[in-house]
Amino acid sequence: MDVPLAARTQAVLEGVPLPATRHDLLRHARAAGADDAVIGALAALPARRRWGSLDEVGERIAPTHGRAAARLARPGPRSGAPPGGPDYLAPSPSPGAIRPGSGDGPAS
């Protein structure tokens, strides 16, 4: 999935008359000075389809919905200890009070 490429492609295609064929999209991108990666992504689009929105083009290049998105890696567990260590889930007996020996409060 190449979201930056999809975003660049959509930016290059701003102003293209829609609906458009792959040929129309390529012609517009070349006229706009698109880089080789954008031209390659557009050339890989199905030839017999008319694209009704730039979002459709971007979704085809970097799928974020449906079955293609389901294949994306799922986030893993967070690493490291929670902020505050073991006290993260321990309620304070006096909310807002400084516990003795914490060393975090002002000197008395």
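Side-chain contact between Leu42 and Val12 is absent, with no heavy-atom pair separated by less than 4.5 Å.
With values rounded to the nearest 0.5 angstrom, Trp51 atom CH2 is found 5.0 Å from Leu45 atom CG. How far CZ of Arg60 is from CZ of Arg49: 7.0 Å, rounded to the nearest 0.5 Å.
Proximity of a side-chain donor or acceptor of Gln10 to a complementary backbone N or O of Leu54 within less than 3.5 Å is detected. Although no hydrogens or angles enter the test, the distance criterion places a donor-acceptor pair under 3.5 Å between the side chain of His28 and the main chain of Glu14.
Pairing each heavy atom of Ala43 with each of Arg22, the nearest pair is O-NH1, 3.1 Å. Considering all non-hydrogen atoms of both residues, Arg50 and Pro19 come closest at NH2-O, 3.4 Å. Closest non-hydrogen pair, Ala62 versus Ala6, comes out as CB-CB, 3.8 Å.
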Do Leu18 and Asp24 pass the side-chain contact (heavy atoms from CB on, under 4.5 Å) test, and can you show the C-alpha distance, the side-chain angles, and the key distance before you say yes or no? CA-CA 9 Å; Leu18 298 170; Asp24 298 332; over 6 Å; no
Determine, step by step, whether Arg27 and Val16 satisfy the side-chain contact (heavy atoms from CB on, under 4.5 Å) criterion, reporting the C-alpha distance in whole Å, the side-chain angles of both residues, the deciding distance to 0.1 Å, and the verdict. CA-CA 9 Å; Arg27 184 175 53 233; Val16 66; over 6 Å; no
